Student: 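I am attaching a structure below and will ask some questions about it afterwards.
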Amino acid sequence: MGRANDEVADLLQELADLLSITGGEGYKVRAYEKAVRAVSGHPEDVSTLDLKGLKQIPNVGEAIAKKILDYQQTGTIRQVEALRAQIPAGVRALTAIPTLGPKKAMVLYESLQVTSVAELATAIDEGRVRDLKGFGEKTEENILHGIALLEQSGGRVLVDLATELAEEVVSALGDVAGCVRCAHAGSLRRMRETIGDIDVLAASDDPAPLMETFVSLPIVSEVIARGDKKTSVRTIKGLQVDLRVVPLASWGAALQYFTGSKQHNVHIREIAVRAGLKLSEYGLFEAESGDLIVSSTEEDVYERLGLPWIPPTLREDGGEIEAALAGELPRLVQADDLRGDLHSHTDLTDGLATLEEMVATAAERGLEYYAITDHAPNLYMQRMTDEKMLAQRDAVRALQERYPDMVLLHGTELNIDPDGGVDWPAEFLEGFDVCVASVHSHFTQDSAEMTRRFVTACENPYVNVIGHPTARLIGRRPPVEADWDEVFRACARTGTALEIDCFPDRLDLPAELIRRAKRHGVRFAIDSDAHAVVHHRNIRYGMGIAQRGWLTPDDVINTWPLERLREFLRKGR
DNA sequence: GCCGTTTTCGGCCCGACTGTTTTCAGTCG
C-alpha cells in the first residue's frame with residue numbers, strides 16, 4: 001500500500017513547486033500542498049478510487065481528483081509534464097537549497113539562465129549573483145552555506161525510502177525460481193539514520209535468473225556492474241543497489257559480512273585471527289587447513305568466536321564486542337515492548353485524521369494507552385484555543401467508553417518559547433494527563449541560551465517529555481546547538497523524558513545523543529508523532545534509533561505499565 | 001484549488017526573521 005499514493009503526492013508536490021516558481025497564485029499552490037499531505041497520508045490506495053472516492057479525500061476536490069484520474073490512465077499528470085517542458089528540473093532543484101525559494105530560483109533562471117546547483121555556485125564565484133535585484137553579498141553567503149548543507153547529506157536517502165525500495169527488491173527476488181533465501185543487509189539492516197546504498201543478499205545455487213530479474217526491475221535505470229556473484233544497479237532515484245548471491249550453506253557468514261559495519265567486521269576478524277581462524281563471507285575456517293567450521297547462521301559464527309549473537313543495530317564497533325565478550329550486551333527494546341504512544345495529532349490542529357480514526361489505529365496497534373497531544377496556541381498557525389482544547393478533552397473522555405482495553409490520555413504538545421516558558425500557566429496545564437514540549441521556533445539561539453531554554457522547560461513540573469529535542473530535519477535543517485550534557489542532567493534531575501521521534505526525517509533524538517543521555521540516567525519516550533493513520537508505522541524507524549542508542553525496555557517510559565508511567569508523569573508533584 | 005451554520009462566492013494560517021531595501025519581498029515554520 002501507498003506506492004501509488006506516494007507517486008501521486010510527488011507529482012502534486014512538483015506541480016505546487018512549479019506553479020510557485022512560475023508565479024502561480026499562492027492559494028492555488030497551498031491547495032496542492034494540502035492535497036499532497038492528504039494523499040500521502042490517505043489509508044486507501046488512490047489508484048483504486050473513482051472520482052467520487054477521490055473527492056472524499058480531504059482537500060481533494062474536483063480538479064485534483066481529475067488529475068489523479070489522469071495519473072491512473074497515463075501514469076503521470078499532463079499539466080506537470082507541460083510545466084516540466086517550461087521549467088528545467090534543475091531550477092526546481094535550486095529550491096532545495098535552504099534560504100532559496102521559488103522567487104529567487106526564477107530570478108536566477110531568467111536573468112542568469114542558472115539551471116543547476118553547480119551552475120549557481122559558479123555564478124556566485126564569478127560575482128554575477130550579488131547584483132541581481134533582491135540579492136546581495138549576504139544572500140550569496142547564505143546560498144553557499146545552504147549548498148554545503150545540502151552536500152553534507154551526500155546523496156544519502158531517508159530510511160523509509162530505502163526500506164520500501166529494499167522490501168520491493170527482496171520481494172521480487174524471493175519469487176525467482178531457485179532463490180532459497182533473500183534479505184537486505186548493510187546499513188539498512190543496522191538501521192542507520194540515512195542510507196547511502198542498499199545491499200541485498202540472496203541464497204541460490206543458480207544465480208543467473210536472480211541477476212536477470214534484478215537488472216530487469218522497473219526501478220533500475222542503469223546497470224553499473226554485472227557478474228554471477230554480484231550485480232550493482234542504480235535506481236531511477238539515483239540510489240545504488242548491490243545484489244550478492246551465495247550458496248545457502250554460506251548464508252550466515254555472508255549475512256554477517258554484508259551487514260557490517262566495516263569496523264565491526266575488522267574487529268571480529270581480528271578475534272578470529274587470534275583464535276587461529278579465518279572469517280570471510282563464505283564462512284569461518286581453520287586458518288592452516290582451510291577447513292570450514294561454520295557458515296550457515298550468524299549465531300553459529302558468533303558462537304564459535306566465543307560471542308553471543310550481536311544485534312545488527314549495535315554493530316558499529318562502538319563497544320558492542322567488548323560488551324558481548326563480557327556477557328553484558330543490553331536486552332534491546334523492541335516494538336513488542338511498547339505499551340503506549342505519548343505523542344500524536346488529530347485534524348484539530350495539523351493532523352490529517354480525526355480523533356476517532358487515530359484512536360482506532362492506536363487500538364489496532366494493540367496499545368494499552370494512547371495520548372492525543374495536539375499543538376498548543378503559541379504555534380499560531382494552528383489556531384488552538386483553550387475552548388477547543390477543553391472540548392477535545394470531553395471528546396476524548398467520551399470516546400474512552402468504546403475502548404475498554406486502552407486508556408486514552410489527553411495531552412498537548414507545548415511550544416518552548418525562547419526563555420523556556422510554555423503556552424499555558426500551571427492551572428491549565430494541570431488538566432492534562434501528559435505534556436510534550438518542543439522547540440518550534442528560534443532555532444538559531446546560541447548554545448548557552450538554548451541550554452537554559454531546555455533546562456527551564458525541564459524544570460516546569462508539568463512538562464513530561466521534550467519533543468524531537470534537536471529539532472533537526474535530516475538534510476534540511478541542522479540540529480539546534482546546546483550543551484547536551486547539561487540538558488541531560490536537567491532531564492534526569494527533574495524526571496523529564498526525552499523523545500525519540502519516529503519520523504524518518506527527524507529520528508530525533510539521534511542515536512549518539514541517546515547513548516550519552518542514557519549515561520546520565522535519562523528516560524525516553526519512543527513516539528510516533530503521528531499526524532496521520534499511516535504514520536503509526538514509522539515506529540519501526542524510531543525503534544532502530546533507540547536500539548542504536550543501546551536502550552532497554554526499562555529506559556523507555558512507554559514500555560512501562562500505566563501505573564508506573566503515571567507515577568513518572570507526576571514528576572513528584 | 002478547496003471549502004461551506006459566511007454554502008456556489010469570497011475567503012483562505014499568522015508572525016518572525018533576514019536582507020534588501022527606502023517601505024518591503026522572500027523564506028520559513
Side-chain angles (χ1 to χ4, degrees), chain A residues 8 11-13 15-39 42 51 54-70 77 79-80 83 94-109 124 129-146 149 345 347-352 374-385 388 413 415-419 423 438-445 467-468 470-473 475-478 480 503 505-506 508 529 531:
Chain A
V8 168
L11 283 166
L12 292 174
Q13 181 65 58
L15 189 49
D17 291 349
L18 293 174
L19 277 176
S20 68
I21 291 169
T22 55
E25 272 179 85
Y27 293 122
K28 212 182 254 196
V29 172
R30 248 167 288 160
Y32 281 117
E33 285 175 342
K34 276 189 195 171
V36 167
R37 297 197 304 142
V39 166
H42 194 65
L51 185 68
L54 290 169
K55 283 171 71 175
Q56 277 171 6
I57 303 173
N59 301 309
V60 173
E62 183 85 12
I64 292 181
K66 284 190 171 157
K67 288 185 170 68
I68 300 177
L69 290 179
D70 191 13
I77 295 175
Q79 193 184 351
V80 175
L83 281 166
L94 295 181
T95 63
I97 302 170
T99 73
L100 204 165
K103 297 289 182 292
K104 284 196 163 69
M106 193 57 174
V107 170
L108 289 165
Y109 175 50
I124 292 174
V129 169
R130 62 185 58 185
D131 296 330
L132 296 175
K133 188 173 167 54
F135 290 74
E137 279 187 48
K138 191 69 192 175
T139 313
E140 288 186 339
E141 240 175 73
N142 287 340
I143 292 175
L144 287 177
H145 180 250
L149 205 67
H345 298 269
D347 59 3
L348 183 62
T349 55
D350 58 351
L352 292 161
D374 268 313
H375 287 290
N378 290 357
L379 200 62
Y380 301 101
M381 55 190 171
Q382 306 298 349
R383 299 186 136 187
M384 179 54 76
T385 61
K388 282 160 88 172
E413 183 181 13
N415 304 287
I416 307 176
D417 73 26
D419 295 326
D423 307 63
S438 312
V439 166
H440 288 128
S441 65
H442 301 84
F443 300 105
T444 53
Q445 278 182 317
H468 46 71
T470 78
R472 71 168 176 177
L473 292 174
R476 286 187 292 149
R477 183 171 67 208
V480 298
F503 256 84
D505 64 346
R506 285 197 185 269
D508 187 8
D529 190 6
H531 286 63

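Within every chain, numbering begins at 1; the chains are lettered A, B, ... in the order of the sequence lines, protein sequences first and strands thereafter. Note that this is a predicted model, so its numbers are computed, not measured.
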Student: Take atom C1' in B:dG26 and the same atom in B:dT21, then report the distance between them in whole Å.
Tutor: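 B:dG26 and B:dT21 have their C1' atoms separated by 12 Å.
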Student: So what does A:E137 hit on the nucleic acid, given a heavy-atom distance under 4.0 Å: a base, only sugar-phosphate, or nothing?
Tutor: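 The answer is sugar-phosphate, as A:E137 gets under 4.0 Å only of primed atoms, P, OP1 or OP2.
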Student: Can you check the distance between B:dT6 and B:dG10, where both ends of the measurement are the C1' atom (answer in whole Å)?
Tutor: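 B:dT6 and B:dG10 have their C1' atoms separated by 9 Å.
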Student: Looking only at atom C1', what distance separates B:dC14 and B:dT20, rounded to whole Å?
Tutor: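 After rounding to an integer number of Å, I get 23 Å for this pair.
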Student: Quick test of the criterion, 5.5 Å between centres and less than 30° between planes. Is A:Y27 stacked on B:dC12 or not?
Tutor: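 According to the criterion (under 5.5 Å, under 30°), yes, A:Y27 stacks.
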Student: Could you check whether any side-chain N or O of A:D374 sits under 3.5 Å from a backbone N or O of A:H345, counting only pairs where one atom can act as donor and the other as acceptor?
Tutor: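 Looks like no, no N/O pair under 3.5 Å.
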Student: Does A:R383 offer a backbone N or O that forms a donor-acceptor pair with the side chain of A:K388 under 3.5 Å?
Tutor: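 Yes.
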Student: State, to 0.1 Å, how close A:N415 and A:A376 come at their nearest heavy-atom pair, and which atoms those are.
Tutor: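 Here A:N415 and A:A376 meet closest at ND2-O, 3.4 Å.
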Student: Identify which nucleotide among B:dG19, B:dC14, B:dG1 has an atom closest to any side-chain atom of A:K67, counting heavy atoms from C-beta outward.
Tutor: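 For the A:K67 side chain, the nearest candidate turns out to be B:dG1.
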Student: Carefully, step by step, assess A:T95 and A:K104 under the rule side chain to side chain contact (heavy atoms under 4.5 Å, CB included).
Tutor: CA-CA 8 Å; A:T95 63; A:K104 284 196 163 69; over 6 Å; no
Student: Please tell me which of the listed nucleotides, B:dA16, B:dG1, B:dC13, lies nearest to the side chain of A:R383?
Tutor: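 Of the candidates, B:dC13 comes closest.
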Student: Write down the distance between CD (A:Q13) and C1' (B:dG1), rounded to a whole number of angstrom.
Tutor: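 After rounding, the gap between these two atoms is 15 Å.
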Student: Counting only side-chain nitrogens and oxygens, does A:H442 get under 4.0 Å of the OP1 or OP2 atom of B:dC17?
Tutor: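 Checking B:dC17 against A:H442, a side-chain N or O does come within under 4.0 Å of OP1 or OP2.
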Student: To the nearest Å, give me how far apart CD (A:E62) and P (B:dC9) are.
Tutor: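 Distance check: A:E62 CD to B:dC9 P gives 16 Å.
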Student: Taking the side chain of A:N59 as its heavy atoms from C-beta onward, which of B:dT20, B:dC12, B:dC3 lies nearest to it?
Tutor: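 Within the option list, the nearest is B:dC3.
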Student: Among all residues two or more places apart in sequence or in another chain, which pass the salt bridge (Lys or Arg N to Asp or Glu O under 4.0 Å) test with A:D508?
Tutor: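 Scan of A:D508 (salt bridge (Lys or Arg N to Asp or Glu O under 4.0 Å), adjacent residues dropped) gives none.
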Student: Determine whether A:F135 and A:I143 make a side-chain contact, defined as any pair of heavy atoms from C-beta on separated by less than 4.5 Å.
Tutor: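 Counting from C-beta outward, A:F135 and A:I143 do come under 4.5 Å.
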Student: Using atom CG of A:N378 as one end and atom C1' of B:dA16 as the other, report the distance to the nearest whole Å.
Tutor: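 Rounding to the nearest Å, CG of A:N378 and C1' of B:dA16 are 13 Å apart.
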Student: Quick one: sort the A:H440 and A:H375 rings into parallel, tilted or perpendicular, breaks at 30° and 60°.
Tutor: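 Rings of A:H440 and A:H375: perpendicular, as their planes differ by over 60°.
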Student: Between B:dG15 and B:dC9, how many Å separate the two C1' atoms, rounded to a whole number?
Tutor: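 Between the two C1' atoms, the distance is 28 Å.
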Student: Please enumerate all protein N or O atoms sitting under 3.5 Å from an N or O of nucleotides 22-29 of chain B, with distances to 0.1 Å.
Tutor:
unit_1: B:dT27; atom_1: OP1; unit_2: A:G101; atom_2: N; d: 2.5
unit_1: B:dT27; atom_1: OP1; unit_2: A:G101; atom_2: O; d: 3.0
unit_1: B:dT27; atom_1: OP1; unit_2: A:K104; atom_2: N; d: 3.2
unit_1: B:dT27; atom_1: OP2; unit_2: A:K103; atom_2: N; d: 3.2
unit_1: B:dT27; atom_1: O5'; unit_2: A:G101; atom_2: N; d: 3.4
unit_1: B:dC28; atom_1: OP1; unit_2: A:T99; atom_2: N; d: 2.9
unit_1: B:dG29; atom_1: OP1; unit_2: A:R477; atom_2: NH1; d: 3.4
unit_1: B:dG29; atom_1: O3'; unit_2: A:H440; atom_2: O; d: 3.3

Student: Please give the distance between the P atoms of B:dG11 and B:dA16 as a whole number of Å.
Tutor: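 Pairwise P distance, B:dG11 against B:dA16, rounds to 24 Å.
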Student: Rounded off to whole Å, could you give me the CG-to-P distance for the A:L348 and B:dC13 pair?
Tutor: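 Atom-to-atom, A:L348 to B:dC13, this comes out as 15 Å.
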Student: Please report the distance separating the C1' of B:dT23 from the corresponding atom of B:dG29, rounded so that it comes out in whole Å.
Tutor: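 Roughly 25 Å separates the two C1' atoms.
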Student: Take atom C1' in B:dC12 and the same atom in B:dC24, then report the distance between them in whole Å.
Tutor: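 Here B:dC12 and B:dC24 have their C1' atoms 23 Å from each other.
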Student: In this structure, how many angstroms lie between the C1' atom of B:dC14 and the CZ atom of A:R30, rounded?
Tutor: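 So the CZ-C1' distance, A:R30 to B:dC14, works out to 10 Å.
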Student: Taking the side chain of A:Y32 as its heavy atoms from C-beta onward, which of B:dC13, B:dA16, B:dG1 lies nearest to it?
Tutor: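 Selected nucleotide: B:dG1.
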Student: Between B:dC13, B:dC17, B:dG19, which nucleotide has the shortest distance from any of its atoms to the side chain of A:N142?
Tutor: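 Nucleotide nearest to A:N142's side chain: B:dG19.
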Student: Flag the pair A:E33 and A:R30 as a salt bridge only when some basic side-chain nitrogen lies within less than 4.0 angstrom of an acidic carboxylate oxygen.
Tutor: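 Judged by the 4.0 Å cut-off on N to carboxylate O distance, A:E33 and A:R30 do not form a salt bridge.
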Student: Without decimals, in angstroms, what is the distance between A:L54 CG and B:dC2 P?
Tutor: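 Computing the A:L54:CG to B:dC2:P distance gives 12 Å.
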Student: Hey, is the main chain of A:D419 close enough, under 3.5 Å, to the side chain of A:D417 for a donor-acceptor pair?
Tutor: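 The answer is yes, because a donor-acceptor pair under 3.5 Å joins these two groups.
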Student: Tell me the interatomic distance from A:M384, atom CE, to B:dC13, atom C1', rounded to whole angstroms.
Tutor: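 Going from CE in A:M384 over to C1' in B:dC13 covers 14 Å.
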Student: Within this structure, what is the NZ-to-P distance between A:K28 and B:dG10, rounded to whole angstrom?
Tutor: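 In whole Å, B:dG10 P and A:K28 NZ are 18 Å from each other.
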Student: By nearest heavy atom, map A:G134 and A:K34 onto DNA chain B; which one lands nearer the 5' end?
Tutor: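 Its nucleotide being nearer the 5' end, the pick is A:K34.
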Student: Return no unless some side-chain N or O of A:T139 is found under 4.0 Å from OP1 or OP2 of B:dT18.
Tutor: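 It does not, given that no N or O in the side chain of A:T139 lies less than 4.0 Å from OP1 or OP2 of B:dT18.
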Student: Strictly by Watson-Crick or wobble contacts shorter than 3.5 Å, is anything paired with B:dT8, and which nucleotide is it?
Tutor: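 Here B:dT8 is not engaged in any pair, so there is no nucleotide opposite it.
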Student: How far, in whole Å, is B:dC28 from B:dC13 if one measures between their C1' atoms?
Tutor: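 To the nearest whole Å, 13 Å.
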